[in-house]
Number of protein chains: 2
Amino acid sequence: MHKLDELSTVKRSFARSDYLYRSGDKFRSLFAIHSGSFKTQILHEDGREQVTGFQMAGEIIGLDAISTDTHACDAVALESSVVCELPFNKLEALSREIPLLQRHLHKLMSREIVRDQGIMLLLGSMRAEERLAVFLLNLSQRFATRGLSATQFQLRMSRQEIGSYLGLKLETVSRAFSHFQSERLINVKVRTVEILDLAGLQACLNNTR
Amino acid sequence: MHKLDELSTVKRSFARSDYLYRSGDKFRSLFAIHSGSFKTQILHEDGREQVTGFQMAGEIIGLDAISTDTHACDAVALESSVVCELPFNKLEALSREIPLLQRHLHKLMSREIVRDQGIMLLLGSMRAEERLAVFLLNLSQRFATRGLSATQFQLRMSRQEIGSYLGLKLETVSRAFSHFQSERLINVKVRTVEILDLAGLQACLNNTR
DNA sequence: AATGCGGTTTGATATATGTCAAAAATCGTG
DNA sequence: CACGATTTTTGACATATATCAAACCGCATT
C-alpha cells in the first residue's frame with residue numbers, strides 16, 4: 001500500500017474562491033481534499049448556474065472529467081483549503097496492479113452516481129423545507145464522520161449557494177431556516193447552525209406531500 | 001478483444017414492466033441492453049418515487065450498484081427487451097489485463113456522473129417547458145445515434161413517468177406537450193411524437209428565466 | 001362491434017415558491 | 001474603529017406548477 005505514496009506527489013493550497021479547476025480544463029488528475037472544502041458547479045451558457053455538490057476533507061473531486069478528458073464543471077474553494085493531486089494515469093496503472101485499489105476506485109465512482117441520484121430525488125420530488133432538512137442532516141452526518149460535532153457547525157457556503165444546490169432561491173432558503181428556528185428544530189445565526197432536534201428534522205421528510 | 005466474449009454469457013428477455021433488478025438485490029452484474037428499453041427509479045420509503053433515467057439499446061445499466069454491492073434502484077422494462085449480463089468480477093479482472101477496457105469502464109461511469117449532473121441542472125434551474133424540450137432533444141439525439149429518425153419516434157414511457165423523471169406532475173407534462181404542439185414545434189398524438197422544429201425547441205432553452 | 005380500463009387531455013382553482021424591494025446584520029479593509 | 005460592500009432577513013405581491021375533477025381517447029378483451 002505504500003505504492004500509493006508515489007501517487008501523492010503534490011499538495012496545493014487554495015484561498016477562498018480560488019478555482020481548483022474550471023470547466024473545459026484538460027483533465028490530468030483527481031484531487032483528494034486534505035483540508036477545507038469546495039463547491040462544484042455547472043454554468044449553463046445562458047447564465048444559469050447549478051451547484052452540483054459541496055465537498056469536504058477526505059473526499060475525492062474531479063470524477064466527472066474522466067468521461068471526456070475535460071473537466072465538466074468548476075471547483076471553487078469555499079475556504080482556505082489544501083488538496084492532494086492524484087495523477088489519473090498513475091492511478092489507473094496502479095489500480096491494474098492492486099485489485100483492492102481498483103475496487104476502491106470503482107466504488108468511489110459508483111458512490112458519486114448514487115449520491116447524484118439522491119439529489120435528483122430531492123430536486124424532483126421534495127418541497128423546500130424537506131430539501132433543506134436533507135441538506136442539514138447530510139452535513140451533520142458528514143461532520144460527525146470526521147469526528148466533529150453533528151449538532152453544531154459553521155456553514156461554509158452562502159444562502160445563494162445552498163439555494164442553487166437545492167434548486168431554490170436564496171430567499172426561500174432563508175425563510176426555511178427561519179421557519180426551522182421558529183419550530184425549535186435548529187438555532188441559526190447566519191452561518192452558525194445548531195441542530196436542536198435531529199429527529200424532528202428527520203420527521204420533516206416523512207410528511208408526504 | 002474477443003476476450004470480451006467470455007463475458008457475454010447470458011442473454012435474458014423481459015416483457016413490458018418486468019424488473020431487471022430491484023433495489024436491494026445483491027449486485028453481481030452490469031447489464032448491456034441489447035434491444036428494448038428500461039427505466040430506473042428510486043422509491044423513497046414514504047412512497048415518493050423518482051425516475052432517474054430511461055435507458056435504451058447499447059447502454060449499460062447497473063453502475064449504481066457497485067458502490068454498496070447492492071442495487072440502489074429498480075430497473076423496469078418499458079417494452080419487450082433483451083439484455084446481456086456482464087458479471088462484474090470478470091469485468092474487473094479483464095479490465096486489469098486490458099487497459100483499453102479499463103479506460104472504457106471508467107469513462108462509462110464518469111459519463112453517468114456527468115449525465116446525472118446535467119439532470120440536476122435541469123431539475124434545479126429549468127422551467128417545465130424547458131425540461132420537456134431538453135427531454136425531447138435528448139431522445140431525438142439518442143434515436144439519431146442509433147440510426148433511427150431524429151424527428152419521429154414513439155415514446156415508450158407514460159406522461160407520469162416522464163413527469164417523475166422531469167420533476168413535474170403528469171398534467172404539467174401533458175400541457176407542455178400541447179403547448180409545443182400549438183406553437184408548431186412538434187406534433188404529438190399520445191405517444192407518437194414528431195419534431196417539426198428542432199431549432200425552435202432548442203431556442204426554448206435560451207429564454208433565460 | 002361493444003365494453004371496460006388505464007392513460008391522456010383540459011379546465012378551474014389552490015398553493016408553494018419566485019420576484020422585487022427595503023431594512024438589518026455581517027464582514028472585510030483601510 | 002469606521003466605512004462600504006456583501007449577505008441575510010423579512011414583507012408584499014406575482015406566477016408557475018400542483019391539485020382536483022371531469023371528459024375523452026385508444027387499446028385490449030370479449
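It should be emphasised that the depicted structure is a prediction, and the values quoted were computed from it without experimental measurement. Each chain gets a letter, A, B and so on, in the order the sequences are listed, and its residues count up from 1. Hydrogens, waters and symmetry mates play no part in the numbers below; they use all other heavy atoms, side chains included.
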So which protein nitrogen or oxygen atoms get under 3.5 Å of nucleotides 12-15 of chain C's nitrogens or oxygens?
{"unit_1": "C/dA12", "atom_1": "N6", "unit_2": "B/Arg175", "atom_2": "NH2", "d": "3.3"}

inquiry  = Quick test of your reading: applying side-chain hydrogen bond (donor to acceptor under 3.5 Å, both in side chains), list the pairs with at least one residue in residues 14-27 of chain A, sequence neighbours left out, ordered by first then second residue.
reply    =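 Non-adjacent pairs meeting side-chain hydrogen bond (donor to acceptor under 3.5 Å, both in side chains): zero.
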ask   = Please, which pairs that meet side-chain hydrogen bond (donor to acceptor under 3.5 Å, both in side chains) have at least one residue in residues 182-201 of chain B, sequence neighbours excluded?
value =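 Every side-chain hydrogen bond (donor to acceptor under 3.5 Å, both in side chains) pair that includes a residue of residues 182-201 of chain B, provided the two are not neighbours, is B/Gln154-B/Thr192.
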Checking [X] side chain against [Y] main chain: does a donor-acceptor pair fall under 3.5 Å?
X: B/Thr151; Y: B/Ile195; result: no
X: A/Ser29; Y: A/Phe31; result: no
X: A/Asp64; Y: A/Ala72; result: yes
X: B/Glu161; Y: B/Ser158; result: yes
X: A/Ser140; Y: A/Ala150; result: yes
X: B/Glu85; Y: B/Val10; result: no
X: B/Ser125; Y: B/Leu121; result: yes
X: B/Arg159; Y: B/Thr172; result: no
X: A/Arg131; Y: A/Leu166; result: yes
X: B/Ser164; Y: B/Val51; result: yes

task = Tell me which residues in residues 159-168 of chain B put a heavy atom below 4.0 Å from DNA chain D, sorted by number, or none.
result =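 Under 4.0 Å from DNA chain D: B/Gly167, B/Leu168.
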For [X] and [N], give me the distance from atom [atom1] to atom [atom2], rounded to whole Å.
X: A/Met126; N: D/dT17; atom1: CE; atom2: P; result: 20 Å
X: A/Arg131; N: C/dG18; atom1: CZ; atom2: C1'; result: 13 Å
X: A/Gln181; N: D/dT8; atom1: CD; atom2: P; result: 15 Å
X: B/Leu170; N: D/dA18; atom1: CG; atom2: P; result: 10 Å
X: B/Arg48; N: D/dA18; atom1: CZ; atom2: P; result: 14 Å
X: A/Arg191; N: C/dT26; atom1: CZ; atom2: P; result: 13 Å
X: A/Glu130; N: C/dT17; atom1: CD; atom2: C1'; result: 14 Å
X: A/His179; N: D/dT10; atom1: NE2; atom2: P; result: 12 Å

Shorter than 3.5 Å, N or O on both sides, protein versus nucleotides 24-27 of chain D: list them out with atom names.
{"unit_1": "D/dG26", "atom_1": "OP1", "unit_2": "B/Lys189", "atom_2": "NZ", "d": "3.4"}

If you define the side chain from C-beta out and look only at heavy atoms, does anything of [X] sit under 4.5 Å from [Y]?
X: B/Phe135; Y: B/Leu132; value: yes
X: A/Phe153; Y: A/Leu148; value: no
X: A/Ile162; Y: A/Phe177; value: yes

ask   = the helix from C/dA1-D/dT30 to C/dG30-D/dC1: angle between its terminal axes, five pairs each, to 10°?
value =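 Inter-axis angle at the ends, rounded: 60°.
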Mind listing the N/O atom pairs, protein and nucleotides 21-23 of chain C, below 3.5 Å?
none

query = Does a nitrogen or oxygen in the side chain of A/Ser178 sit under 4.0 Å from OP1 or OP2 of D/dT10?
reply =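 Answer yes for this pair, as a side-chain N or O of A/Ser178 is under 4.0 Å from OP1 or OP2.
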key: Test side chain to side chain contact (heavy atoms under 4.5 Å, CB included) applied to A/Val134 - qualifying residues, sequence neighbours left out   =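 A/Val134: side chain to side chain contact (heavy atoms under 4.5 Å, CB included) contacts with A/Leu122, A/Met126, A/Leu205.
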request  = Return the set of residues passing side chain to side chain contact (heavy atoms under 4.5 Å, CB included) with B/Val82 (not counting sequence neighbours), or none when no residue passes.
outcome  =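 Here the qualifying residues are B/Lys11, B/Ser13, B/His34, B/Ser35.
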Can you check nucleotides 4-6 of chain C for protein contacts, nitrogen or oxygen pairs under 3.5 Å, and list what you find?
none

message = Under the rule for side-chain hydrogen bond (donor to acceptor under 3.5 Å, both in side chains), what residues qualify as partners of A/Glu129, not counting sequence neighbours?
response =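 Per chain and number, A/Glu129 pairs via side-chain hydrogen bond (donor to acceptor under 3.5 Å, both in side chains) with A/His179.
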request  = Describe the nucleic acid contact of B/Ser174 in one word from base, sugar-phosphate, nothing, applying a heavy-atom distance below 4.0 Å.
outcome  =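 Here B/Ser174 touches the bases of the nucleic acid.
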Donor-acceptor contacts under 3.5 Å from residues 52-59 of chain A side chains, at least two apart:
{"unit_1": "A/Thr52", "atom_1": "OG1", "unit_2": "A/Thr40", "atom_2": "O", "d": "3.3"}
{"unit_1": "A/Thr52", "atom_1": "OG1", "unit_2": "A/Thr40", "atom_2": "OG1", "d": "2.9"}
{"unit_1": "A/Gln55", "atom_1": "NE2", "unit_2": "A/Thr40", "atom_2": "OG1", "d": "3.0"}
{"unit_1": "A/Glu59", "atom_1": "OE1", "unit_2": "A/Met56", "atom_2": "N", "d": "2.7"}
{"unit_1": "A/Glu59", "atom_1": "OE1", "unit_2": "A/Arg142", "atom_2": "NH2", "d": "3.0"}
{"unit_1": "A/Glu59", "atom_1": "OE2", "unit_2": "A/Arg142", "atom_2": "NE", "d": "3.3"}
{"unit_1": "A/Glu59", "atom_1": "OE2", "unit_2": "A/Arg142", "atom_2": "NH2", "d": "3.4"}
{"unit_1": "A/Glu59", "atom_1": "OE2", "unit_2": "A/Arg146", "atom_2": "NH2", "d": "3.3"}

key: Nucleotide nearest A/Thr172 when distance is taken to its side chain, options C/dG18, D/dT7, C/dT8   =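 Nearest to the side-chain atoms of A/Thr172, counting from C-beta on, is C/dG18.
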